[in-house]
Protein chains: 2
Amino acid sequence: MAHSDQYIDKLRKSGLRPTKQRIKICEVLFDAEKTFHFTIKELVKIIENQANIKVSLATVYNTVHAFIRKGYLKEIPLNASQSYFDTNVTHHHHFFDEEENKLIDIHQDDVDEVNIKRIIPGKKIRSVEVIAKIVSDNQSQK
Amino acid sequence: MAHSDQYIDKLRKSGLRPTKQRIKICEVLFDAEKTFHFTIKELVKIIENQANIKVSLATVYNTVHAFIRKGYLKEIPLNASQSYFDTNVTHHHHFFDEEENKLIDIHQDDVDEVNIKRIIPGKKIRSVEVIAKIVSDNQSQK
DNA sequence: CAACAGTTTAGAATAAATATAATGTATTAT
DNA sequence: ATAATACATTATATTTATTCTAAACTGTTG
């Protein structure tokens with residue numbers, strides 16, 4: 001299976017040995033047809049449902065964070081009670097639906113390059129993310 | 001004191017009665033020469049230092065959230081273990097220094113208008129925020 | 001001054017995230 | 001292969017931010 005090799009590669013590059021549990025996590029994260037957003041809790045639930053194997057919370061946390069460090073996952077900047085992660089690591093942005101508490105991807109092409117004129121001496125920009133909060137548009141009413 | 005009247009006004013408009021504790025919170029938040037960022041913990045510490053009066057955690061949380069609802073404070077979208085708030089409610093953006101865990105304002109004029117081409121049916125954009133994560137620029141090294 | 005509505009508070013409850021320490025598994029050198 | 005070693009996994013405990021709760025308090029009104 002070609003996928004499996006990729007997972008092993010990702011794990012090794014993240015400084016982790018390829019174990020059954022970690023490969024299972026990779027399958028859920030990187031085998032999906034589409035990229036998706038998740039919280040740790042949701043990820044654990046998905047694994048539990050699909051799985052013939054038990055993976056502990058701690059392992060999930062550790063593996064996800066190793067992938068974040070390495071850039072295989074992204075954390076979505078959102079002040080929520082739980083952290084949101086994204087398997088889409090390409091440069092893109094988000095709508096956050098405040099009423100349904102749902103994230104929606106905005107493709108990079110749908111947002112003009114964000115041009116920041118200010119610079120901080122000795123620092124460089126590692127990433128730029130746009131969060132657009134949306135709500136129902138009840139323009140008709142009132 | 002003219003300031004005091006403003007505080008009472010803000011509290012009333014937020015659906016809160018003007019009490020000693022709440023006015024104290026207003027003083028710390030809205031009396032500063034410059035706008036600033038804070039976590040609840042930091043806010044409590046500032047109040048404790050300045051104060052002749054004890055204000056409980058619960059009161060601080062409740063009051064801050066009432067102000068957020070009303071738009072007198074802004075929550076900064078950042079996936080951190082604690083929530084970050086901003087007394088600057090004008091439209092602006094942030095650098096987040098990942099090494100020092102520090103927020104830096106970016107004035108609206110320093111970022112070109114973010115143009116989002118995509119729309120979500122039935123929804124309207126309530127706010128657009130840019131977060132630029134920055135790290136040390138060790139360009140000299142390798 | 002008694003009754004009432006709304007406040008404040010300390011402490012308890014909740015929940016996410018992280019740390020710990022014991023047990024389990026894989027790898028290495030022999 | 002096998003013993004020795006290094007790394008993993010797990011359940012559980014801990015930590016920390018936030019929210020809830022219930023009792024005590026304050027101030028206003030009849």
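Because the structure is a prediction, the values reported are computed rather than measured. Chain naming here is simple, since letters A, B, ... match the order of the sequence lines and numbering starts at 1 in each.
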| message | Do A:Leu103 and B:Ile131 sit in one hydrophobic cluster, given that two such residues count as connected whenever their side-chain heavy atoms are within less than 4.5 Å of each other, even indirectly? | response |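 Result: no, two separate clusters.
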TODO: Answer yes if A:Phe85 and A:Val89 sit in the same cluster of Ile, Leu, Val, Met, Phe, Trp and Tyr residues linked by side chain heavy atoms under 4.5 Å apart, and no otherwise.
DONE: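 No, it is not one cluster - the side chains of A:Phe85 and A:Val89 are not joined through contacts under 4.5 Å.
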| D:dT19 phosphate, OP1 or OP2: any side-chain N/O from B:Tyr61 under 4.0 angstrom? |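 Checking D:dT19 against B:Tyr61, no side-chain N or O comes under 4.0 Å of OP1 or OP2.
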If you restrict it to nitrogen or oxygen atoms, what contacts under 3.5 Å exist between nucleotides 5-11 of chain D and the protein, and what is each distance?
unit_1 : atom_1 : unit_2  : atom_2 : d
D:dC7  : O4'    : A:Arg17 : NH2    : 3.4
D:dA8  : OP1    : A:Arg17 : N      : 3.0
D:dA8  : OP1    : A:Arg22 : NH1    : 3.4
D:dA8  : O5'    : A:Arg22 : NH1    : 3.3
D:dT9  : OP1    : A:Thr19 : OG1    : 2.2
D:dT9  : OP1    : A:Gln21 : OE1    : 3.3
D:dT9  : OP2    : A:Arg22 : NE     : 3.0
D:dT9  : OP2    : A:Arg22 : NH2    : 3.1
D:dT9  : O3'    : A:Gln21 : NE2    : 3.0
D:dT10 : OP1    : A:Gln21 : NE2    : 3.3
D:dT10 : OP1    : A:Lys54 : O      : 2.3
D:dT10 : OP2    : A:Ser56 : N      : 2.7
D:dT10 : OP2    : A:Ser56 : OG     : 3.3
D:dT10 : OP2    : A:Thr59 : OG1    : 3.4

Among residues 65-74 of chain B, which ones have heavy-atom contacts with DNA chain C below 4.0 Å?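 Close to the strand, none.
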Under the 4.5 Å side-chain heavy-atom rule for ILVMFWY, direct or indirect, which residues accompany [X]?
{"X": "A:Ile119", "answer": "none"}
{"X": "A:Ile134", "answer": "A:Phe95, A:Ile104, A:Ile106, A:Val111, A:Val114, A:Ile116, A:Ile120, A:Ile125, A:Val128, A:Val130, B:Phe95, B:Ile104, B:Ile106, B:Val111, B:Val114, B:Ile116, B:Ile120, B:Ile125, B:Val128, B:Val130, B:Ile134"}
{"X": "B:Val135", "answer": "none"}

Please tabulate, one pair per line, all N/O donor-acceptor pairs under 3.5 Å involving side-chain atoms of residues 69-82 of chain A, not counting sequence neighbours.
unit_1  : atom_1 : unit_2  : atom_2 : d
A:Lys74 : NZ     : A:Thr90 : O      : 3.3
A:Glu75 : OE2    : A:Ser83 : OG     : 3.2
A:Asn79 : ND2    : B:Ile76 : O      : 2.4

task = Could you check how far CD of B:Gln82 sits from C1' of D:dT15, rounded to whole Å?
result =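 Going from B:Gln82 (CD) to D:dT15 (C1'), I get 13 Å.
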Round to the nearest Å and state the distance from B:Ile8 atom CD1 to D:dG27 atom P.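 For the pair B:Ile8 CD1 and D:dG27 P, the rounded distance is 14 Å.
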Is it true that B:His92 and B:Asp110 share a donor-acceptor pair across their side chains at a distance under 3.5 Å?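 No donor-acceptor contact under 3.5 Å links the two side chains.
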task = For A:Ser83, report the nucleic acid contact type (base, sugar-phosphate, nothing); a contact means any heavy atom under 4.0 Å.
result =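 If one applies the 4.0 Å heavy-atom cut-off, A:Ser83 turns out to touch the sugar-phosphate alone, with no base involved.
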